[in-house]
Amino acid sequence: MLRELELYYEDYCGSIRREAEALRGEEMPELSEELFAIYGQTGNRLIYEDVYFKRRKFLAVFGLKAILDREKDDISKLEKILKDICGEECWALPAHVNRRADENWRIFVDLFAAETAQTLAEIVSLLQGELSEETVSTVKRQVMHRVLEPFVASTPPYSHWEHGASNWCAVCGGSVGSAAMYLMQDRPEELAALLERISRSLETYYLKSFAEDGACLEGLGYFTYGMTYFAGFAQQLYEFTAGRQDLFRNEKLARIAAFQAKCYFPGGRTVSFADGSAEETFRVGLTCFLAMKYPQAQIPPVERAAGLNDDNCYRWMGLYRNLTWTKDYLDSLRGGEAGRAAEEQEPGRAAGGKEPDKATGAGKPEDGKAGSEEAASRKAEAESRIVLPDAQWVICRSRNGAGMAAKGGHNGEPHNHNDVGSFFYLKGKDFLLTDLGCGEYTREYFSEKRYEYLCCRSLGHNVPVIDGREQLEGAEYGCDGFRTEGEDRIVISLAGAYANPGLKSLTRSLAWEEAEGTLQVEDCFQVTEQLKSIRENLVTDWKPQVQGNAIRIQGPDSVCTVEIEDPAVKVDCMPRDFSDHGGRHRDVWLIQWEVPGLGKAGDISVRFTVRG
């Protein structure tokens, strides 16, 4: 692990220098009224945001390069970039402002205005004495005017995010608090009140957005996003107050810190529930920081580590801490017992042998025997089954590279998809029965039309269609029961997600066979005479091959077969398409068959087996 992280750090520094050279002769692209207006005219976010985030790339790359090497050419280039960013008409995105209803729309603290403020404040503070006084003054004036003063002048909540249980709370609040610590030290009373306000918001709302078992219901990518800003602010606050304010004392954070590694499969793919992705990468700086704080925070396989260009928004908080926190962790590994223990670990494991210090959260060596037993327990869990009972998730891995995950929950979760009782199946790097994850963000995606998108509606998930009706959206439509039976079975009751009077109960049992990666699914329906149709529905990215009651799904590297117990079923395969989060068009297939036996009240069951 030590050598892998050293190589990552060296390559990360190299990528900063390479990108700086590639961008040195370029001018930043210009934002314009025409680009800004596209969202209001069409609902398209990507056209404006492509230019906006290319500008943030210039800011991040030359900020990192200037801090890393302290060269005059980089400082000079950075000065121009800083002034240009300060001259933008609006730091918020078009999707987050209402130009028709708010005459002051240019001054609004959304995710990206807050991030911009934090970025500028931190860069000029870290380069104090090397940037011109004019540049520093311009930055401070703009950050104060656009972000800090409007927030200070507001009555809580400033906006939905201040009292919101989502990543927005951490990103906006953490950014505002961080920028304030850099730029408001000459206003101590206002600063103290602001820091208390942000801390209360994060503890009361952001941390409570996680399930008690530590799961982030918004999706793995949003775990990274929000936790980066929470940890960045909390550590800065701890240092700024000389340890008097310590947000890391919250006991729930140890469980939250452990969540990330649970979502990775051996082939590097990730749990994609809600607006997630099957191909998430992790931020090394954040992960190293959490590993120094909490022994539960394991490090996923380093080959899935995000590089400089893997965040197309070029968020400074995480990119800069990829330098500082990774270096801190490497230093801790190289010295003392923690370092020697870490070098003995297999790749993909965190540095073990540490307990969080109750006062500071810093790591201490723990008893070797206890540490070995804990490591063995974690290894066994990582290879077989993880149950998150509060989130109602189960994640299973097999010895042959297969994996599956299933969920209960309800249809009013953050970044919700109508997916109660859904599951996915993968082998190696191929999602064979898939969870589509996040779609393209447009105006309609966050409107009443959200559930017209295939990836959000239940038709785009591996759940039945009842009398032609899909699951309904809203927190009242959800799982009636979620339990484990023995070591290999999960039982989910999901009739409540449909609210169909003809469906008295629907119980889905998922039995996982670890050695061969075989999944058996049994759906038991208790119906009335009113119910006329039940269709099983599966989703795959690969065109299925059907032979009777067997469906073969061939991915680029792996294959699985779905065997339906009833030999007389007629299987239909229907092509569909959707646009993923990056706006890329994807073809997918729905696999459906009618469940026989309807026509009278009683119990009906269907069973199918997925073999990798």
Side-chain angles (χ1 to χ4, degrees), residues 219-221 263-274 276-281 300-301 303-304 310 348 383-384 394-407 417 419 422-440 454-455 459-463 510-521 536-564 571-593 608-612:
L220 180 57
C263 294
Y264 278 82
F265 292 94
R269 293 295 181 253
T270 50
V271 175
S272 55
F273 294 146
S277 167
E279 300 181 355
E280 289 289 357
T281 53
E303 59 266 25
R304 296 303 301 159
D310 285 317
E383 291 177 347
S384 55
V394 61
I395 303 165
C396 298
R397 304 170 176 90
S398 76
R399 301 172 195 173
N400 68 349
M404 82 95 178
K407 72 180 295 291
H417 291 193
D419 60 355
S422 186
F423 71 94
F424 61 77
Y425 182 92
L426 73 154
K427 183 73 178 293
K429 296 183 178 181
D430 296 340
F431 263 57
L432 298 169
L433 292 175
T434 193
D435 181 290
L436 298 173
C438 189
E440 179 183 349
L454 182 66
C455 60
L459 188 68
H461 296 83
N462 297 308
V463 294
L510 302 109
W512 177 252
E513 199 281 308
E514 179 192 349
E516 300 298 328
T518 300
L519 173 65
Q520 185 180 82
V521 181
E536 287 288 0
N537 178 68
L538 302 176
V539 186
T540 181
D541 285 293
W542 317 107
K543 186 174 182 179
Q545 300 171 0
V546 180
Q547 288 189 327
N549 63 332
I551 305 126
R552 187 175 189 271
I553 301 171
Q554 174 71 63
D557 301 310
S558 304
V559 64
C560 79
T561 301
V562 180
E563 299 173 359
I564 306 167
V571 178
D572 298 315
C573 297
M574 296 160 285
R576 293 289 188 273
D577 63 84
F578 88 109
S579 293
D580 66 17
H581 187 53
R584 295 177 293 270
H585 176 86
R586 280 171 58 182
D587 293 316
V588 298
W589 279 262
L590 305 182
I591 303 167
Q592 293 188 354
W593 68 93
F608 57 93
T609 302
V610 187
R611 305 181 192 277

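In this structure, the side chain of Y425 engages the main chain of G517 through a donor-acceptor pair within 3.5 Å. Panel note: side chain R611, backbone E516; no donor-acceptor pair is recorded below 3.5 Å. Not a single donor-acceptor pair under 3.5 Å links the side chain of H417 to the backbone N or O of F273. In this structure, N462 contributes its side chain and V539 its backbone to a donor-acceptor pair below 3.5 Å.
Sequence neighbours left out, the pairs with a member in residues 550-561 that pass side-chain hydrogen bond (donor to acceptor under 3.5 Å, both in side chains) are R552-Q554.
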Where do N537 and L590 land on the side-chain contact (heavy atoms from CB on, under 4.5 Å) test, with the steps shown first? CA-CA 7 Å; N537 178 68; L590 305 182; 4.0 Å; yes
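Considering CG of L454 and CZ of R586, their distance stands at 10.0 Å, rounded to 0.5 Å. Distance CG/D587 to CZ/R576: 12.0 Å, rounded to 0.5 Å. Interatomic distance, CD1 of I395 versus CZ of F423, reported as 15.5 Å (0.5 Å rounding). Interatomic distance, OG of S384 versus CH2 of W512, reported as 11.0 Å (0.5 Å rounding). Note that OG1 of T609 and CG of L519 are 8.0 Å apart. Values are rounded to the nearest 0.5 Å. Rounded to the nearest 0.5 Å, atoms CD1 (I591) and CD (E536) are 11.5 Å apart.
In terms of heavy-atom proximity, E514 sits nearest to S398 at O-CB, 2.9 Å. Heavy atoms only, all atoms of each residue included: D430 and G555 are closest at OD2-C, 3.5 Å. In this structure, C560 and V610 approach most closely via the heavy-atom pair SG-CG1, 4.0 Å.
Counting only heavy atoms from C-beta outward, the side chains of V271 and F265 approach each other to under 4.5 Å. Looking at heavy atoms from C-beta onward, L459 lies in side-chain contact with Q592 at the 4.5 angstrom threshold. In this structure, the side chains of R397 and P266 come closer than 4.5 Å at one or more pairs of heavy atoms. Residues S277 and L220 fail the side-chain proximity criterion, which asks for heavy atoms closer than 4.5 Å.
Listed by chain and residue number, I564, P567, V569 satisfy the side chain to side chain contact (heavy atoms under 4.5 Å, CB included) test with N549 (two or more places apart in sequence, or in another chain). Partners of E513 by salt bridge (Lys or Arg N to Asp or Glu O under 4.0 Å), not counting sequence neighbours: none found. Evaluation of the ring-ring contact (aromatic ring centres under 6.0 Å, His included) rule for W593 yields F608 as partners, not counting sequence neighbours. In this structure R269 satisfies the side-chain hydrogen bond (donor to acceptor under 3.5 Å, both in side chains) test with no other residue, sequence neighbours excluded.
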Enumerate donor-acceptor pairs with a distance under 3.5 Å from any side-chain N or O in residues 431-440 to protein atoms, sequence neighbours excluded.
| residue | atom | partner | partner atom | Å |
| --- | --- | --- | --- | --- |
| T434 | OG1 | D541 | OD2 | 3.4 |
| D435 | OD1 | S272 | OG | 3.4 |
| D435 | OD1 | G437 | N | 3.0 |

